[in-house]
Amino acid sequence: MDLHNETVEHNRAEHAGEMHIVRPPVYLGIFFALLVLTALTTGMSYVDLGVFNAVIALAIACFKASLVVLFFMHIHYSSRLLKMTVGAGLFTFMLLISLTMTDYISRAWGRF
Amino acid sequence: MDSQAYASATDTLPAEHGHPPFLRHHFESVSQQREAANFGMWVFLLTEVMFFGGMFCAYLIFRNWYHPAFVAGSNTLDITLGTTNTAVLIASSFTMAMSVYAAEIRRRGMLMFFLACTIVLGFVFLGIKGVEYHQKFVDHHVPGPSFSIEEFVHPSNPKALALTPDMAEKTQLYFSLYFLMTGMHALHMIIGISLLFFLLWRAYQGAYTEGHVMPIENFGLYWHFVDIIWIFLFPLLYLISRYR
Amino acid sequence: MSSTIISLPDQTTARLPRKSYLNQEYGLKSWLLTGDHKRIAILYLISITFFFIIGGILAGLIRMELLTPAADLMATDTYNKVFSMHGIIMIFLFLVPSVPATIGNFLIPLMVGARDLAFPKINLLSWYLYVIGGIFILAAMVLGGVDTGWTFTTPLSTHYLNTHVVTAAMGIFIAGFASIFTGLNFIVTVHRMRCPGMTWFRLPLFVWGHYATSIIMILGTPVLAITLVLVAMERLFDIGVFDPTKGGDPLLFQHLFWFYSHPAVYIMILPGMAVISEVISTFSRKRVFGYTAVAFSSVAIAVFGFLVWEHHMFIMGVSQYSALVFSLLTMLVAVPSAIKIFNWAMTMYQGSITFETPMLYAFGFFGLFTIGGLTGVFLATMGMDIHLTETYFVVAHFHFVMVGGMLMAYLAGIHFWWPKMTGRMYPEAISKLAAVVTFIGFIVTFFPQFLLGYLGMPRRYAAYPADFQVLNVFSTAGASILGIGYLLPLFYLPWSLIYGKIAGDNPWQATGLEWQIQSPPLTENFVEIPIMDHEAYDYEWLANKTQHEVQTVG
Amino acid sequence: MSHISPVLWQFLVNWLKHFAIFPPEASTIAPYADALYFALVGMTIVGMLLVGTMVTFFAIRYRKSNHPQAIQMEGSTLLEATWTLIPLGIFLVFFVWGAILYFRIFNPPANSMQVYVVGKQWMWKAEHPGGQHEINALHIPVGIPVQVTLISQDVFHSFSIPAFRVKREAIPGRYTTVYFEATTPGKYHLFCTQYCGTDHSAMIGWIYAMRPDDYRKWAAGNTSGASLAQNGERLFAVMGCNACHAGNSQARGPNLYGLYNSRIRMTDGTTMIANDAYLREKILNPSLHVPAGYVPIMPTYQGQISEEGLIDLVEYIKSLDSNYRLTQMMNKSELNSAQPAPIGGANQGPGAAPLPGATKP
Ligand code: HEA
Ligand code: HEA
Ligand code: CUA
Ligand SMILES: [Cu+2]
């Protein structure tokens with residue numbers, strides 16, 4: 001039962017080694033970064049930047065989310081498959097939003 | 001081909017030799033099982049992304065249509081509580097990450113400590129959320145028959161911008177989305193906390209510190225995901241044009 | 001017609017294998033708590049057949065009502081409930097799980113050389129969710145019905161009906177999670193459970209098709225779930241997101257619903273296409289022509305399928321510019337289907353073709369799906385859609401693709417793998433008859449509906465102007481023929497469980513891994529995990545394989 | 001006859017009486033739609049023939065008894081490219097063709113006659129600018145482009161005239177439009193094609209396409225006395241709109257003369273065109289878009305005014321625009337004059353202007 005994929009090159013990379021163990025200092029660093037970013041985003045919302053308020057708030061949120069995904073959720077250390085899975089989710093989510101928006105944005109154009 | 005040969009062969013199916021007890025029969029190795037579970041969890045999180053995606057889509061549209069109402073609605077939320085809650089949730093994410101670490105280095109006590117921390121922080125979050133919900137009830141800002149736009153048409157705070165009644169009506173939409181999104185998020189938290197109790201109990205029995213870290217890791221992924229949702233909900237719901 | 005390809009063992013001596021997944025354990029409990037993907041597939045098979053019969057009876061009622069122009073058989077609101085339940089049951093409880101949850105569930109681990117799906121418990125959970133969802137929907141039906149149509153159009157479904165909308169929506173919500181879990185299992189299994197040597201491009205096209213389907217299941221279905229939650233919230237708490245009087249937008253519902261429901265139509269066809277690939281290859285005794293093109297076209301359909309949903313809303317007041325974008329994208333998504341059709345046709349070129357029942361169903365699929373798909377192009381053509389939308393033309397289109405395409409493929413698959421699932425052959429002559437009757441009945445039922453549609457007969461009408469009657473009578477007459485066609489397998493397949501000939505391991509002399517093991521298979525599928533050392537559909541390998549050599553099983 | 005069952009008998013009679021497989025072509029759009037339809041049918045036949053002959057021919061030629069040994073092959077990039085690109089090309093042609101037709105149907109010419117249709121469960125209420133109201137029927141002149149402005153009072157409905165090959169959804173809360181120009185006088189089906197509840201299949205009616213003079217006669221005989229714009233003017237006073245929109249410089253609200261179809265600057269810098277939808281939106285949700293230079297003090301009339309009332313108001317405000325008045329008013333005065341139309345067509349005596357479009361070649 002132990003013929004463990006010796007012949008298969010495609011599984012080799014994914015099987016390579018045990019899973020990476022992330023050390024507490026990294027977690028701690030991310031934790032503080034997230035706290036700082038939370039303070040930052042709250043602070044920024046008190047400054048009037050017009051449309052850029054929303055843009056910056058979202059940019060910071062995206063950055064925070066990436067930190068969580070990459071380090072807390074170990075994607076930084078994971079196989080390409082998992083990276084692509086995350087990408088696929090993001091992509092489909094963007095499809096839902098952006099293609100729906102083609103309707104909402106252009107409804108007011110022209111005569112209609 | 002002689003199928004009998006195969007059938008009889010099963011009688012002498014090789015017994016599980018030397019495999020850890022948690023290795024399920026249909027997997028060939030521990031790492032295969034672990035990677036399958038890990039990948040499966042990620043695929044499940046994809047479905048969660050799309051689940052929340054529908055609500056984000058609705059939010060985006062109405063926020064653009066009724067921006068003043070959303071600003072007004074957002075400004076009634078308590079920013080201190082909101083920010084605190086964000087910090088609490090991030091902290092719980094951190095303790096959860098530490099739990100994973102504890103399981104990986106096989107420290108039962110440490111694992112249990114961090115799981116317990118996560119549970120406590122989870123409850124703190126829900127508690128604060130409960131306080132916020134309660135405020136909304138008191139203010140008649142829960143969509144439904146008792147919803148009142150009074151506050152938005154004649155704001156008690158002289159600095160706040162008064163809305164015309166028709167726009168003020170739209171704040172109800174804001175609060176609908178607010179309750180829907182935070183409610184869905186809270187539901188995920190409640191499910192998560194229930195699971196945490198189970199994990200804590202199993203950790204106490206020593207289930208995860210013998211190399212079988214997968215359940216902890218996977219739960220960690222779930223918990224971080226719930227955190228991420230909040231990371232987006234917070235600026236979207238609380239931080240619209242606070243400078244007003 | 002010669003049936004030479006069937007190579008059954010000598011019936012006088014042949015026995016079913018002493019041990020198989022069917023007799024590993026006995027008792028109801030061993031079935032209801034099983035983790036075995038094959039048993040779960042059988043559970044699914046039984047339950048979807050149950051729902052198909054209910055859906056079919058409802059279809060019969062629809063056609064009976066439409067025999068005459070007046071609403072005389074039933075009141076209009078009854079009719080509305082009948083077609084709503086017909087649509088809901090047929091789509092969510094029959095067609096979506098049809099091939100994936102039965103045939104796919106049974107075969108994917110066998111085909112990739114695994115002992116089971118990655119998560120057997122989740123697989124079982126999926127079946128329970130399906131059953132619970134089904135019970136909800138049946139409850140909604142028994143308690144008084146739902147009359148929203150399967151599309152739940154707001155604000156009709158949220159504010160203007162007092163039927164059991166929430167119950168039905170929750171049923172679909174739950175059944176939706178059954179579908180998500182099936183898809184999740186398939187994806188993980190295909191990625192993580194392939195046996196040594198089973199590279200991506202050695203996978204049978206059946207697996208590719210299901211992989212593509214699973215992508216849609218996991219990415220699309222949650223959006224349906226949240227949409228139904230919103231509908232329920234709107235009904236229960238009046239939250240207003242779909243209510244124009246509160247500033248909400250009913251079109252948002254359409255966007256979210258069709259974001260799932262268009263890709264869902266590909267959930268409903270890709271597994272069928274997956275079956276056809278296997279059938280055509282086996283009975284032409286040739287590797288599928290352009291394997292990579294067929295494999296990638298499945299994935300292309302799955303991905304592009306997410307980009308076209310607005311073609312269901314062309315006249316609903318969406319922006320004309322965005323309609324333009326979606327029409328264009330719809331044209332693009334039609335292309336991979338064409339690629340597949342041509343590749344299958346070319347597979348037959350220089351083959352050595354026999355006409356077994358699965359092959360006859362596959363021929364049916366060819367004709368009917370091509371018509372159905374090309375009429376989809378009519379609908380994707382914006383200006384034409386204005387006239388055709390919401391008429392019987394659409395009804396005909398989707399029955400051609402769903403019934404003529406997917407249901408035919410499903411029946412092809414059931415017949416094709418029946419010997420593997422049960423160890424016995426179905427009766428060949430009568431099943432060929434059933435295939436032919438189904439085809440003829442189908443054409444008579446649904447072809448007139450294209451004409452009706454162009455004449456302008458609206459769908460979801462209990463009563464209609466007398467001008468349309470002649471064609472409707474044809475359609476009803478056809479439906480009775482069709483009903484007989486579907487009834488036949490319902491009798492002879494169970495019959496064959498006891499009286500059918502013993503099939504042996506590989507009655508079709510097919511190349512797939514699943515055919516190299518005993519039928520019915522063992523609970524653990526393989527005695528030893530096989531090592532794949534050849535391409536899919538390698539008939540030379542099969543021919544060279546001596547009787548007692550067992551490359552694929554160890 | 002007793003041996004023939006009643007159903008079968010009815011069937012036979014019906015067969016003879018109206019065995020239609022093709023709807024009448026009764027609008028200027030219909031020939032375009034039919035041309036596209038036949039082209040698409042042609043594509044289907046070609047596609048079917050192609051696939052059908054391939055499959056049948058191979059099935060016969062390479063059946064096992066004839067061709068016992070299959071010859072293996074991989075694939076062919078050339079063939080693959082052929083059957084990717086050719087269908088793609090064909091589909092793209094239809095995309096362009098269909099898009100042209102779509103824009104033709106949904107973008108009426110500027111001089112078209114206005115009709116308003118309100119859908120509600122389960123009836124169609126049509127209103128002509130001249131004040132004629134009808135239920136489940138619509139009388140229209142042939143040879144004149146008619147723009148139907150649709151709205152629903154409750155759920156989605158869909159306004160479908162198969163003989164004209166046009167259809168458009170009536171949406172709650174928003175105007176949609178569709179236009180057609182009938183060519184052949186006659187009586188045509190009007191259907192509600194969007195499922196809208198219990199009596200969806202009873203929400204049907206007739207379109208009466210009439211020669212212009214017949215139409216005029218009909219219009220004259222059915223007017224309720226006041227035109228939509230006149231009703232709207234009354235409402236404008238009753239609802240107190242006058243108070244702010246008096247049209248003078250002291251007024252608190254903007255002057256509405258000439259507003260229709262003009263381009264307006266908003267406070268947020270964007271511009272909008274004051275079309276029907278804008279006017280309706282303004283009355284219900286005035287603070288959604290605020291014209292530059294004004295404070296949003298206008299009250300909302302949401303819930304105080306029916307869809308019909310809104311249509312009256314909108315029509316009134318539209319009539320304040322001289323261009324619009326020019327194309328429509330003549331038509332209206334024509335209808336109000338209630339004189340029998342002289343033989344010879346649309347052009348009438350002094351004072352009455354021709355029907356818009358009647359002079360079209
Ligand atoms: C299995 C399900 C299924 C499948 C596969 C499809 C496939 C397609 N569908 Fe269909 N569709 C439905 C199920 C399905 N549909 C349902 C259920 C509805 C109605 C929902 C409701 O309102 O209730 C619907 C409605 C529907 C509409 C909306 C109609 C309306 O309401 O106004 C449209 C519009 O674009 C459309 C288009 C298409 C297209 C372009 C394809 C394409 O994918 C088809 C591609 C296939 C081919 C094109 C055939 C193969 C091609 C060839 C062999 C090439 C021929 C050769 C030459 C041209 C040279 N469909
Ligand atoms: C998988 C999907 C599926 C399948 C298989 C079918 C199968 C059939 N459908 Fe269905 N249909 C839909 C999906 C499907 N349909 C959907 C989604 C709608 C839209 C609903 C909506 O508008 O919301 C629809 C709508 C629909 C309509 C339009 C209703 C309307 O708009 O007013 C009609 C009308 O003819 C129809 C007919 C049929 C017929 C005759 C069959 C036949 O193929 C069925 C034949 C099968 C049997 C008859 C069962 C086998 C026989 C028995 C079990 C014996 C007992 C039976 C009798 C005694 C009759 N269907
Ligand atoms: Cu109104 Cu259907
Ligand atoms: Cu579609």
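A note on names: the letters A, B, ... follow the listed sequences, proteins ahead of strands, and every chain is numbered from 1.
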Check whether C/Phe259 gets within reach of chain A through its side chain, its backbone, both or neither, counting any heavy atom under 4.5 Å. side chain
Is it the backbone or the side chain of C/Ile215 that comes under 4.5 Å from a heavy atom of chain A, or both, or neither? neither
Checked C/Val223, C/Val325, C/Asp249, C/Leu256 vs chain A; the most non-hydrogen pairs under 4.5 Å come from C/Asp249
Identify which of C/Ile218, C/Leu329, C/Leu219 forms the greatest number of heavy-atom pairs closer than 4.5 Å to chain A. C/Leu219
Residues 92-102 of chain A: residues contacting chain C (heavy atom under 4.5 Å, by number): A/Thr92, A/Leu95, A/Leu96, A/Leu99, A/Thr100, A/Thr102
Looking at every heavy atom in both A/Asp103 and C/Ser319, which two are closest together, and how far apart are they? OD1-N, 2.8 Å
So how far is it from C/Leu251 CG to A/Tyr104 OH, rounded to the nearest 0.5 Å? 5.5 Å
Partners meeting side chain to side chain contact (heavy atoms under 4.5 Å, CB included) with C/Pro336 (sequence neighbours left out): C/Ser297, C/Ala300, C/Ile301
Excluding sequence neighbours, so at least two apart, what forms side chain to side chain contact (heavy atoms under 4.5 Å, CB included) with C/Thr189? C/Ile108, C/Val112, C/Leu117, C/Ala118, C/Asn185, C/Met193
With a cut-off of 3.5 Å and sequence neighbours excluded, list every side-chain donor-acceptor pair involving residues 23-39 of chain A.
residue : atom : partner  : partner atom : Å
A/Arg23 : NH1  : B/Tyr101 : OH           : 3.3
A/Tyr27 : OH   : A/His74  : NE2          : 2.7
A/Thr38 : OG1  : A/Leu34  : O            : 2.8
A/Thr38 : OG1  : A/Lys64  : NZ           : 3.1

Whether over 12 other heavy atoms sit under 6.0 Å from [X] [atom1]:
X	atom1	value
A/Phe91	CZ	no
C/Phe119	CZ	yes
C/Phe201	CZ	yes

Any A/Leu81 side-chain heavy atom under 4.5 Å of C/Arg192 side chain: yes
